[in-house]
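Proteins come first, then strands; the chains are lettered A, B, ... in the order of their sequence lines, and each starts at number 1.
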There are 2 protein chains.
Amino acid sequence: MADNHKPPTMADIARIAGVSLMTVSRAFKPDSLINKETRAAILKTAEDIGYVFDSTASNFRSQKSDFVAVTIPAISNPNFADTVGGLADALASRGLQILLGYTNYHMQNEERLIEQFLRRKPQAIVVTGGKHTDRARKLLKNTHMPVIETWDAPSEPIGNFVGFSNALAVRQMVDHFVEKGYRSIAFIGGDVGRDTRGSDRRMGFVAAMIAHGLDATRLIAAGPPPISALEGAAAMARLLETYPDTEAVICVSDQSAFGALTECQRRGRVVPTDIGVGGFGNFEIGEVSTPRLTTIDPFSRMIGQRTAGLILDILDGRPGDNVEIAPSLIVRESSR
Amino acid sequence: MADNHKPPTMADIARIAGVSLMTVSRAFKPDSLINKETRAAILKTAEDIGYVFDSTASNFRSQKSDFVAVTIPAISNPNFADTVGGLADALASRGLQILLGYTNYHMQNEERLIEQFLRRKPQAIVVTGGKHTDRARKLLKNTHMPVIETWDAPSEPIGNFVGFSNALAVRQMVDHFVEKGYRSIAFIGGDVGRDTRGSDRRMGFVAAMIAHGLDATRLIAAGPPPISALEGAAAMARLLETYPDTEAVICVSDQSAFGALTECQRRGRVVPTDIGVGGFGNFEIGEVSTPRLTTIDPFSRMIGQRTAGLILDILDGRPGDNVEIAPSLIVRESSR
DNA sequence: GATGCTCCTGTTAACGGTATCATCCGGGAT
DNA sequence: ATCCCGGATGATACCGTTAACAGGAGCATC
């Protein structure tokens, strides 16, 4: 097969098939008014000459893309990966493509990504969390496309949101621990302001402890996210040195909770008898550890699916309602 | 700020700033011939009227996008996530955007994704593995853009590749186990043909065992990928029931190896004394388990970085050389 | 026979940037 | 004065598709 210099266009197909350019165009739209045989002939011609539909030209002329832009803190966090997976699968049925960007937990990067994404005129833009730079907020506010914030329930959402209050979710865990008799409870992580979900969880911990009339000052820093199991273990070591009488610890994620758990075991502290451990995220690691981790399931994948539903609602002109996810406490053997 | 009906274009800026359209266009290209003050004035005007650059129009007219298309089996696999992360970071410096798609370990999905991606005329296309449907191969062969296969070292690459032989990587592990005195060695996973990396690893296991003159028939199925720790544990249970005298097991991934490890412990088999366990992938879970897992580090992130380098080489007209990654055996406490 | 309707096809004019080439200006070399 | 040259700007055509509108053919209805 000789290589001609220019890739074929619809005009080439039109000429060969003996129809007009517009008819060729229609042949490529699934639900357009066109004779079945005409379409078949056109598609065959297209296949024969190796025609490749030009989405760029199509998007340009119709002034809308088939993209949905999404920013997440990190692709390596299974929670966000699940959310994106749910979103992508649900949107694929409508032919919508995900445009994915990683902020590495930096709002500055998020702003840059948003700016880039807006240039492509996506059908909607999905961001993680409810905290953004002023400029990012302004950019999102000024746009006319659906804006969805996820993994949070901001009091002043930019557009809509699909998420939950991280603070309230942690409160569930504190309530559970207190009910089970733990009193001296510590929190690991969420010390770096830029991980807004982490610090929301820590703030939720503090508020809940105060509400129970308990000491809310046992806060251990674990550094910037993402917090690995090893960092969780290091934080646990510091915790036990600073507050040896700690009865329970709640960690910002299952990763760090797993690390904390192993550190307890290394030091001969029996979980959950000597010390209770709670995580966040319902990662697989908490399901296969010994003992298994008490955690909070944020329904990561569902967040993605509901986000997709919300986007489609809005695009179809239906009212777009915020979705409050209700994270669920999963009690396992790492707590009494 | 009242909302006018149409978003502003370069023509609007040109009118307001009193320059030609072309000058406005130049103001947005970093290294174009334009007076510094003129550019500043134009950019200020743009900011004032809330102009958003239209990448679609730009890509359309210049007949090239700033996309690099990438397909991976699953976003939730940390190895692939790392590869994409390395790729995305390295390409971002050149303003290239990743267009990411998940195949869910199905070549059919990969074919569909490739077809979609080609319509956007990306600068390059990156796929995972060296096995594809006939149609996908044909599509990739016919295109004129760089095609990179990763995570494999195919004997007949479509374009270039950045990867390694999964079979040879596993051979390293077998050699290590044999050297340490293990003889009755089993393999878990890789039974489903469609996970080509998994089955390559299993084939590598079989070949290596035969080369050592050992029994290569202890193969345990673990079902379709991705294989969770729980599935790894179940497979281990079956292994110990079928071949109680097994001295060591090599698993298709660290996830499944961790599951196998916990199952051994549940049954009172001491690792690595009673039984040796090896994984693949150098996941964090193998670093925090007790004992820690002997594994193979495929340098996931480096695969992404080197892929980016290769793409840039080709785009810049430099020769594009295949990159053979040399996965490295990491011996830890799960093997003697 | 006129009218209306459905189904299908065609003509034309964009969409918003950039490639290309032309032009203009000021200053240094000739 | 003339020429040349590099920096800066402008005029114009055009990338490949689709929106919008305009028919025409065939058939049923009045």
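Under 4.0 Å is where a charged nitrogen must lie from a carboxylate oxygen, and between A:Arg15 and A:Asp12 at least one such pair does. Checked for salt-bridge contact, A:Asp66 and B:Arg119 miss the test: no charged N lies under 4.0 Å from a carboxylate O. A salt bridge links A:Asp48 with A:Lys44: the distance from a Lys NZ or Arg NE/NH1/NH2 to an Asp or Glu carboxylate oxygen falls below 4.0 Å. Salt-bridge annotation for A:Asp313 and A:Arg318: present, with a side-chain N of the basic residue lying under 4.0 Å from a carboxylate O of the acidic one.
In this structure, A:Thr9 reaches the sugar-phosphate backbone alone: every heavy-atom distance under 4.0 Å involves primed, P, OP1 or OP2 atoms, never a base. Residue contacts shown for B:Leu33 include a base, since a base heavy atom lies under 4.0 Å away. Residue contacts for B:Tyr51: at a heavy-atom cut-off of 4.0 Å it reaches the sugar-phosphate backbone alone, with no base atom in range.
Residue order along DNA chain D, read from the 5' end via each residue's closest nucleotide, puts B:Thr38 first among B:Thr38 and A:Asp54.
For the pair A:Asn59 CG and D:dT17 C1', the interatomic distance rounds to 10 Å; values are reported in whole Å. For the pair B:Phe60 CZ and D:dC14 C1', the computed distance is 8 Å after rounding to whole Å. Atom NZ of A:Lys6 is separated from atom P of D:dG16 by 6 Å (rounded to the nearest Å). Rounded to a whole Å, the NZ atom of B:Lys36 is 15 Å from the P atom of D:dG7. When the P atom of D:dG16 is taken as reference, atom CZ of B:Arg119 falls 16 Å away, rounded to whole Å. We find that CD1 of B:Ile34 is positioned 12 Å from C1' of D:dG10, with the value rounded to whole Å. Rounded to an integer number of Å, the gap from NZ of A:Lys64 to C1' of D:dA19 is 12 Å.
A donor-acceptor pair under 3.5 Å is absent between the side-chain atoms of B:Asp152 and the main chain of B:Gly129, judged by distance alone.
Within 3.5 Å, no donor on the side chain of B:Arg61 pairs with an acceptor on the base of D:dG16, nor the reverse.
Between the side chains of B:Ser300 and B:Asn79, at least one donor N or O lies within less than 3.5 Å of an accepting N or O.
Proximity of residues 12-22 of chain B to DNA chain C (heavy atom under 4.0 angstrom from any strand atom) is restricted to B:Leu21, B:Met22.
The phosphate of D:dT9 has neither OP1 nor OP2 within less than 4.0 Å of any side-chain N or O from B:Thr23.
You'll find the side chain of A:Ile49 reaches within 4.5 Å of the side chain of A:Pro8, heavy atoms only.
More than 12 heavy atoms of other residues, nucleotides or ligands lie within 6.0 Å of NZ in B:Lys141, so this atom counts as buried by the packing criterion.
Each of A:Phe161, A:Phe299, A:Phe164 was checked for a ring-ring contact (aromatic ring centres under 6.0 Å, His included) with A:Trp151, and the lone residue meeting it is A:Phe164.
The nucleotide range of DNA chain C contacted by chain A, defined by atoms under 4.0 angstrom from heavy atoms of the protein and reported 5' to 3', is C:dC8 to C:dG16.
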